[in-house]
Amino acid sequence: MQEFSAGKFDIAVVGAGHAGIEAALAAARLGMETIVFTINLDAVGNMPCNPAIGGTGKGHLVRELDALGGEMARAADECCIQYRLLNRGKGPAVWSLRAQADRRRYQGRMKAALERQEHLTVRQGEVVELRTENGAVSAVVLATGAVFSVRAVILATGTYLAGRTIVGEWTEDSGPDGMHAAGRLTESLQKLGLPLRRFKTGTPPRVNARTVDFDEMEVQAGDELPVPFSYSTKAVPENRAVCWLTWTTEETKRIVQENLDRAPMYSGLIEGVGPRYCPSFETKIVRFPDKLCHQLFVEPMGLDTEEVYIQGFSSSMPEEVQVRMLHSVPGLRRAVMTRPAYAIEYDCIDPLALKPTLEVRAVPGLYGAGQFNGSSGYEEAAVQGFAAGVNAARKLRGEGDFILSRAESYIGTLIDDLVTKGTNEPYRIMTSRSEYRLLLRQDNADRRLTRRGYEIGLVPEERLRAVEEKYAAVEREIKRLAHTGASPSKALAEFLASKDTADAPGGCPLDALLRRPRIHYDELAPFDPGRPDLPVEVREQVEISVKYEGYIRRQEKQVEEFHKMASRRLPPDADYGGIQGLRLEAREKLAALRPLDLGQASRISGVSPADVAALMIYLETRSSIEKER
């Protein structure tokens with residue numbers, strides 16, 4: 001193939017899925033001349049796994065990305081057709097927004113965002129080689145021979161990198177939805193010395209809604225008052241679709257058990273490691289042999305299609321077995337399958353090879369994002385793409401690193417987990433992964449991160465000022481409640497009795513009443529004649545802040561104490577082999593990963609509290625020596 005010079009750019013993004021989109025938009029919006037490559041332009045922003053945005057923990061990521069100036073939340077609000085706030089019966093720390101998306105509309109919306117962005121070129125083509133000069137990234141080469149000179153590359157290859165699709169005994173080298181795989185790029189990455197591994201994910205079958213008996217299923221309606229993803233969305237989202245709930249049967253279980261020898265997961269055909277928290281249905285049967293039935297959610301793929309998605313039924317069983325499995329489920333006994341479920345294996349990098357900026361340690365200018373980094377999910381991919389795009393741009397502009405901490409975001413938690421602890425399976429965010437989840441709620445992401453977005457140049461000043469005014473209003477109202485009492489009255493006594501809480505015969509400050517269980521801010525209106533007219537988002541923040549004040553203060557103190565220790569920077573030239581008191585394993589891990597500070601060092605697998613203590617002594621000694629000079 002004869003090569004030719006096709007152009008010069010600051011940054012090239014390889015892949016236009018959810019990671020690639022955010023990476024390309026962030027870099028271009030920061031003024032970098034950026035080009036994003038995709039194997040097929042019709043696959044931009046594709047949702048091959050499930051047509052939804054958000055979910056437990058994932059909704060937090062989308063909100064944080066929006067506060068920083070990302071695109072996913074705004075696109076979701078324009079294209080989603082049903083909204084549900086999950087875990088509403090629990091505390092606000094685990095409330096998570098999830099919305100059903102119109103798959104094709106979302107793709108079109110994201111493709112248009114890329115096409116209309118200044119400083120951004122969108123290009124169909126398969127990247128087959130990365131080139132370096134003096135050890136740093138210098139060019140990308142397409143299968144057609146086109147060579148693009150670049151100063152940085154962000155790999156956001158998703159499940160395309162050496163992708164292999166599997167249905168029963170049938171396999172094919174391909175990406176998701178029958179797109180062709182990116183095979184030759186793996187060879188180039190191996191030549192660069194990148195530590196690659198093999199992961200696996202899967203999809204459930206799709207069926208024609210006209211062949212589904214919805215009367216045999218339970219309706220799953222959206223929220224009565226939907227909450228949008230983006231803080232900039234002013235109109236209340238409209239629920240235009242419903243989902244349905246059904247259950248597998250003992251017959252479903254029997255079909256799977258009788259055909260396990262044909263399941264690629266157990267026949268040895270699948271080599272990649274799959275996600276623990278989103279397993280195939282056959283894995284559920286093996287893991288939980290005593291469970292007779294499992295929930296399935298039937299969700300629309302969009303408003304202009306009859307295809308519905310069977311969430312919870314991911315599989316790589318032979319196609320004829322999948323049909324029998326479907327027909328054993330109430331409501332699906334006559335279902336006509338439009339697309340069989342499949343597993344897909346792909347190559348990805350060991351994330352321990354990455355810096356906290358998501359730059360590959362051994363190859364300056366090369367960044368990873370999304371499933372290439374060993375994670376799973378659209379939302380996890382999107383926030384990594386954003387972080388990689390921002391860091392690549394800032395490095396080329398000679399600016400400092402953009403690194404979010406665990407104490408300020410789930411994004412920081414996700415990236416820190418990947419680059420510090422690594423992962424042996426596709427990584428998925430969950431609220432339980434954060435030690436600060438009461439502070440990192442989905443409702444206050446704007447308070448936590450809008451200023452960070454403004455500081456890096458991706459959030460306009462007027463939006464920052466609006467957030468500051470919102471929380472100033474929250475503080476004013478909290479202060480007013482503390483200095484305003486509810487007068488004793490028969491109505492107040494009856495209200496408190498209806499809430500199964502103690503009477504207040506002498507009256508009571510409004511904030512004290514609000515702290516009581518089962519009492520909500522809006523219910524106090526009849527006893528608060530001076531109450532101001534506040535937006536719903538302000539009222540929500542007031543209630544959460546007052547009710548959980550003690551818990552929030554306790555966690556804020558934990559963060560403060562942790563920062564005193566964790567924020568102590570470790571010198572980049574530290575000779576870990578010569579530090580007394582470090583165990584051999586800790587010396588090897590610290591030398592390989594080069595943590596930025598004590599906090600990151602403490603989270604490395606193989607670094608014990610005794611090792612951290614040795615590092616603290618080392619820092620004190622080094623500081624004393626430097627002062628004497």
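Not measured: the values here are computed from a predicted model. Positions are given from 1, in the same order as the sequence printed here.
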Trainee: Nearest heavy-atom pair of Pro204 and Ala341: which atoms, and what distance?
Mentor: C-CB, 3.5 Å
Trainee: Would Asp304 and Arg103 pass as an ion pair if we require N to O under 4.0 Å?
Mentor: no
Trainee: Side-chain contact test, heavy atoms from C-beta onward, threshold under 4.5 Å: evaluate it for Val419 versus Leu358 and give yes or no.
Mentor: yes
Trainee: Output all residues satisfying side-chain hydrogen bond (donor to acceptor under 3.5 Å, both in side chains) with Thr252, sequence neighbours left out; order by chain, then residue number.
Mentor: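 In terms of side-chain hydrogen bond (donor to acceptor under 3.5 Å, both in side chains), with neighbours along the sequence ignored, Thr252 is linked to Thr249, Ser328.
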Trainee: Is it true that Asn239 and Arg84 share a donor-acceptor pair across their side chains at a distance under 3.5 Å?
Mentor: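 There is no such pair between these side chains.
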Trainee: Quick one: list whatever passes salt bridge (charged side-chain N to carboxylate O under 4.0 Å, His left out) with Asp102, sequence neighbours left out.
Mentor: none
Trainee: Please determine if Arg333 and Asp213 form a salt bridge, counting it only when a charged side-chain N lies under 4.0 Å from a carboxylate O.
Mentor: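 A salt bridge is absent here (no side-chain N lies under 4.0 Å from a carboxylate O).
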Trainee: Are Leu449 and Ser409 packed together at the side-chain level, in the sense that at least one heavy-atom pair is separated by less than 4.5 angstrom?
Mentor: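 SC-SC contact between Leu449 and Ser409 confirmed.
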Trainee: Could you tell me if the side chain of Gln442 sits less than 4.5 Å from the side chain of Leu85, heavy atoms only?
Mentor: yes
Trainee: Give the intermediate values and the outcome of side-chain hydrogen bond (donor to acceptor under 3.5 Å, both in side chains) for residues Gln107 and Arg104.
Mentor: CA-CA 5 Å; Gln107 284 185 265; Arg104 295 305 177 202; 2.3 Å; yes
Trainee: Are Tyr309 and Val298 close enough that some pair of their side-chain heavy atoms sits under 4.5 Å apart?
Mentor: no
Trainee: Tell me the closest heavy-atom pair linking Ile519 and Glu543, and the distance in Å.
Mentor: O-OE2, 4.3 Å
Trainee: Closest approach of Tyr106 and Cys79, non-hydrogen atoms and distance?
Mentor: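 Heavy atoms of Tyr106 and Cys79 come nearest at CA-SG, 3.6 Å.
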Trainee: Restricting to salt bridge (charged side-chain N to carboxylate O under 4.0 Å, His left out), what partner residues turn up for Glu250, sequence neighbours left out?
Mentor: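 Partners of Glu250 by the salt bridge (charged side-chain N to carboxylate O under 4.0 Å, His left out) criterion come out as none, since no residue qualifies.
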Trainee: Using the rule given for side-chain hydrogen bond (donor to acceptor under 3.5 Å, both in side chains), can you reason through Tyr83 versus Asp77, listing the C-alpha separation, both sets of side-chain angles and the distance that settles it, and then say yes or no?
Mentor: CA-CA 10 Å; Tyr83 284 75; Asp77 287 342; 2.8 Å; yes
Trainee: Check step by step if salt bridge (Lys or Arg N to Asp or Glu O under 4.0 Å) holds for Glu477 and Arg480.
Mentor: CA-CA 5 Å; Glu477 179 61 359; Arg480 188 190 71 84; 2.8 Å; yes
Trainee: Taking only residues two or more places apart in sequence, or in another chain, which ones meet Trp244 in a ring-ring contact (aromatic ring centres under 6.0 Å, His included)?
Mentor: Phe214
Trainee: For the residue pair Ala407 and Leu440, what are the closest heavy atoms and their distance?
Mentor: O-CD2, 3.4 Å
Trainee: Assess whether atom CG of Asn424 is packed by more than 12 heavy atoms of other residues, nucleotides or ligands within 6.0 Å.
Mentor: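 Incorrect, the count does not exceed 12.
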Trainee: List the steps, then state whether side chain to side chain contact (heavy atoms under 4.5 Å, CB included) holds for Ile411 with Leu61.
Mentor: CA-CA 6 Å; Ile411 299 175; Leu61 293 178; 4.0 Å; yes
Trainee: Just by distance, no angles: are the side chains of Glu282 and Ser315 close enough, under 3.5 Å, to form a donor-acceptor pair?
Mentor: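 Distance-only check passes for Glu282 and Ser315.
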Trainee: Who are the salt bridge (charged side-chain N to carboxylate O under 4.0 Å, His left out) partners of Glu78, not counting sequence neighbours?
Mentor: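 Applying salt bridge (charged side-chain N to carboxylate O under 4.0 Å, His left out) to Glu78 gives Arg109.
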Trainee: Could Arg63 and Tyr231 be counted as a cation-pi pair, given that NZ or CZ must be under 6.0 Å from the ring centre and within 45° of the axis?
Mentor: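 Satisfied, under 6.0 Å and within 45°.
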Trainee: Could you tell me the separation between the NZ atom of Lys111 and the CG atom of Asn46, rounded to the nearest 0.5 Å?
Mentor: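 Interatomic distance, Lys111 NZ to Asn46 CG, rounded to 0.5 Å: 13.5 Å.
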Trainee: Between Thr501 and Arg516, do the side chains contain an N or O donor and an N or O acceptor separated by less than 3.5 Å?
Mentor: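 Arg516 and Thr501 do have a side-chain donor-acceptor pair below 3.5 Å.
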Trainee: Heavy-atom distance under 4.5 Å between the side chains of His60 and Thr413, does that happen here?
Mentor: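 With C-beta onward as the side chain, the pair stays apart.
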Trainee: Regarding Gln384 and Ser375, is there a side-chain donor-to-acceptor distance under 3.5 Å anywhere?
Mentor: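 The answer is yes; a qualifying pair exists.
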Trainee: Is the shortest side-chain heavy-atom distance between Arg206 and Thr203 below 4.5 Å?
Mentor: yes
Trainee: If you compare all heavy atoms of Ala382 against all heavy atoms of Leu65, which two are closest, and at what distance to 0.1 Å?
Mentor: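 For Ala382 versus Leu65, the nearest heavy atoms are CB-CD2, 3.9 Å.
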Trainee: Considering only residues two or more places apart or on different chains, which pairs with a residue in residues 433-446 satisfy salt bridge (charged side-chain N to carboxylate O under 4.0 Å, His left out)?
Mentor: Arg406-Glu435, Arg441-Asp443, Asp446-Lys470
Trainee: May I ask you to decide whether Arg74 forms a salt bridge with Glu71, counting only side-chain N to carboxylate O separations under 4.0 Å?
Mentor: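 Looking at Glu71 together with Arg74, the answer is yes, because their closest N to O distance falls below 4.0 Å.
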Trainee: Listing request: all ring pair (Phe, Tyr, Trp, His ring centres under 6.0 Å) pairs with a residue in residues 507-528, at least two apart in sequence or in separate chains.
Mentor: Phe495-Phe527
Trainee: If you measure from the Lys or Arg side-chain nitrogens to the Asp or Glu carboxylate oxygens, is any gap between Arg515 and Glu549 under 4.0 Å?
Mentor: yes
Trainee: Scan residues 284-300 for pairs that pass salt bridge (charged side-chain N to carboxylate O under 4.0 Å, His left out), counting only residues two or more places apart or in two chains.
Mentor: Arg98-Glu299
Trainee: Under 4.0 Å between a Lys/Arg side-chain N and an Asp/Glu carboxylate O for Arg339 and Glu307?
Mentor: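 A salt bridge links Arg339 with Glu307.
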Trainee: Please report the shortest heavy-atom distance between Gln82 and Val242, naming the atom on each side.
Mentor: NE2-CA, 3.6 Å
Trainee: State, without any angle test, whether Ser230 and Ser232 hold a side-chain donor-acceptor pair at a distance under 3.5 Å.
Mentor: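 Side-chain D/A pair, Ser230 to Ser232: present.
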Trainee: So Pro505 and Pro488, do their side chains get closer than 4.5 Å, heavy atoms only?
Mentor: no
Trainee: Determine which pairs satisfy salt bridge (charged side-chain N to carboxylate O under 4.0 Å, His left out) with at least one residue from residues 495-506, sequence neighbours left out, and list them in order.
Mentor: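 Counting only pairs at least two positions apart or across chains, the salt bridge (charged side-chain N to carboxylate O under 4.0 Å, His left out) contacts touching residues 495-506 are Lys499-Glu523.
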Trainee: Please identify each residue that fulfils side-chain hydrogen bond (donor to acceptor under 3.5 Å, both in side chains) with Glu469, with sequence neighbours left out.
Mentor: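 Arg476.
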Trainee: Between Glu468 and Arg465, does any NZ, NE, NH1 or NH2 come within less than 4.0 Å of an OD or OE carboxylate oxygen?
Mentor: yes
Trainee: Side-chain contact test, heavy atoms from C-beta onward, threshold under 4.5 Å: evaluate it for Thr431 versus Tyr410 and give yes or no.
Mentor: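 They are in side-chain contact.
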Trainee: Quick test of your reading of the model: are Asp66 and Arg463 salt-bridged, counting only N-O distances below 4.0 Å?
Mentor: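 A salt bridge is present here (some side-chain N lies under 4.0 Å from a carboxylate O).
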Trainee: Run the side chain to side chain contact (heavy atoms under 4.5 Å, CB included) check on Ile429 and Glu379 step by step: do they pass?
Mentor: CA-CA 9 Å; Ile429 195 65; Glu379 303 81 6; over 6 Å; no
Trainee: Sequence neighbours excluded, which residues qualify as side-chain hydrogen bond (donor to acceptor under 3.5 Å, both in side chains) partners of Gln555?
Mentor: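 If we apply the side-chain hydrogen bond (donor to acceptor under 3.5 Å, both in side chains) test to Gln555, skipping adjacent residues, there are no hits.
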Trainee: Does atom NZ (Lys479) have a neighbourhood of more than 12 heavy atoms from anything else shown, all under 6.0 Å?
Mentor: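 No, because the 6.0 Å sphere around NZ of Lys479 holds 12 heavy atoms or fewer from other groups.
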Trainee: Check whether more than 12 heavy atoms from other residues, nucleotides or ligands sit under 6.0 Å from atom CZ of Arg210, and answer yes or no.
Mentor: no
Trainee: Can you tell me which residue among Lys58, Arg428, Gln371 is in a side-chain hydrogen bond (donor to acceptor under 3.5 Å, both in side chains) with Glu380?
Mentor: Lys58
Trainee: Hey, could you give me the CG/CZ distance between Leu326 and Arg334, rounded to the nearest 0.5 Å?
Mentor: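 Atom-to-atom, Leu326:CG and Arg334:CZ are 13.5 Å apart.
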Trainee: Please report the interatomic distance CG(Leu492) to NZ(Lys490), rounded to the nearest 0.5 Å.
Mentor: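 Interatomic distance, Leu492 CG to Lys490 NZ, rounded to 0.5 Å: 13.0 Å.
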Trainee: List the residues meeting salt bridge (charged side-chain N to carboxylate O under 4.0 Å, His left out) with Arg105, not counting sequence neighbours, and say none if there are none.
Mentor: none
